[in-house]
Amino acid sequence: QVQLVESGGGLVQAGGSLRLSCIASGRTFSSYAMGWFRQAPGKEREFVTAISWSGDFTNYGDSVKGRFTISRDNTKNTVYLQMNSLKPEDTAVYYCAAQEGGSAFATRTLYKYWGQGTQVTVSS
């Protein structure tokens with residue numbers, strides 16, 4: 001069982017930056033691939049980015065490539081999402097998710113554990 005807690009969301013102006021963090025409970029964090037997804041009001045939850053258990057492989061959604069960076073620190077059971085050059089269309093609730101034994105896959109259904117989400121709002 002893995003419990004995930006996100007933090008770092010907030011209100012930022014367009015062009016600004018935020019860094020989200022997701023802390024995982026449990027002793028096997030390093031065996032999980034981790035992902036970030038987001039959901040805007042009235043829209044489906046969409047893939048943002050993912051990172052393999054080792055950190056060697058990453059994957060990004062087209063809308064965030066070149067602006068967002070995912071990283072992880074297995075000694076701290078934490079995965080990060082650095083978001084730069086934010087746009088109003090990045091406004092959403094951002095969710096951290098864990099995939100046991102997998103890699104940096106974008107498929108939402110592969111992720112077994114989810115956090116409660118953190119709100120990111122980008123003003124124009």
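Quick caveat, the model's predicted, so the values are computed rather than measured. Hydrogens, waters and symmetry mates play no part in the numbers below; they use all other heavy atoms, side chains included. Heads up: numbering here begins at 1 and tracks the sequence.
- To the nearest 0.5 Å, the span separating OG on S124 from CD on E89 amounts to 10.0 Å.
- Atom CD of Q3 sits in a sparse spot, with 12 or fewer heavy atoms from other residues, nucleotides or ligands closer than 6.0 Å.
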Margin query: For a side-chain contact (heavy atoms from CB on, under 4.5 Å) check, start with the C-alpha distance between E6 and W36, then their side-chain angles and the critical distance, and finish with the verdict.
Written below: CA-CA 10 Å; E6 304 97 334; W36 287 96; 3.9 Å; yes
Determine all donor-acceptor pairs shorter than 3.5 Å in which one atom belongs to a side chain in residues 44-52; sequence neighbours excluded.
| from | atom 1 | to | atom 2 | distance (Å) |
| --- | --- | --- | --- | --- |
| R45 | NE | Q39 | OE1 | 3.3 |
| R45 | NH2 | Q39 | OE1 | 3.3 |
| E46 | OE2 | R38 | NE | 2.6 |
| E46 | OE2 | R38 | NH2 | 3.1 |
| T49 | OG1 | N59 | O | 2.8 |
| S52 | OG | S54 | OG | 3.4 |
| S52 | OG | G55 | N | 3.4 |
| S52 | OG | D56 | N | 3.3 |
| S52 | OG | F57 | N | 3.0 |

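- A salt bridge links K65 with D62: at least one charged nitrogen is closer than 4.0 Å to a carboxylate oxygen.
- Listed here is the closest heavy atom pair of V2 and Y113: O-CD2, 3.5 Å.
- A side-chain contact (heavy atoms from CB on, under 4.5 Å) with C96 is found for exactly one of T118, V79, V5, namely V79.
- Heavy atoms only, all atoms of each residue included: V12 and L18 are closest at CG1-CD1, 4.0 Å.
- Looking at W114 and R108, their side chains come closer than 4.5 Å, going by heavy atoms from C-beta outward.
- The aromatic rings of F68 and Y94 sit tilted, their planes meeting at an angle between 30° and 60°.
- In terms of heavy atoms, G115 sits closest to Y95 at O-CD2, 3.6 Å.
- Although no hydrogens or angles enter the test, the distance criterion places no donor-acceptor pair under 3.5 Å between the side chain of Q13 and the main chain of S123.
- Considering only residues two or more places apart in sequence or on other chains, D73 meets the side chain to side chain donor-acceptor pair (under 3.5 Å) condition with T75.
- From C22, atom SG reaches atom CG of L81 across 10.5 Å, with rounding to the nearest 0.5 Å.
- The closest donor-acceptor contact from the side chain of D90 to the backbone of A14 lies at 3.5 Å or more, if one exists at all.
- Using modelled atom types, no side-chain atom of E100 and backbone atom of S31 make a donor-acceptor pair closer than 3.5 Å.
- Proximity of a side-chain donor or acceptor of Y111 to a complementary backbone N or O of F105 within less than 3.5 Å is detected.
- Note that CG of N74 is 8.5 Å distant from CH2 of W53, once rounded to the nearest 0.5 Å.
- For the residue pair A98 and Y32, the shortest heavy atom distance occurs at CB-CD2, 3.9 Å.
- Cation-pi check for R72 over F29 is met; the charged atom lies under 6.0 angstrom from the ring centroid and within 45 degrees of its normal.
- A 4.5 Å side-chain heavy-atom check between L20 and M83 finds at least one atom pair inside the cut-off.
- Atom OG1 in T69 sits 11.5 Å away from atom CZ in R19 (nearest 0.5 Å).
- In this structure, G9 and V120 approach most closely via the heavy-atom pair CA-CG2, 4.1 Å.
- The two residues Q82 and S17 have their closest heavy-atom pair at NE2-CB, 4.0 Å.
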query = side-chain contact (heavy atoms from CB on, under 4.5 Å) between Q119 and L11: does it pass, once the steps are laid out?
reply = CA-CA 8 Å; Q119 176 71 46; L11 174 64; over 6 Å; no
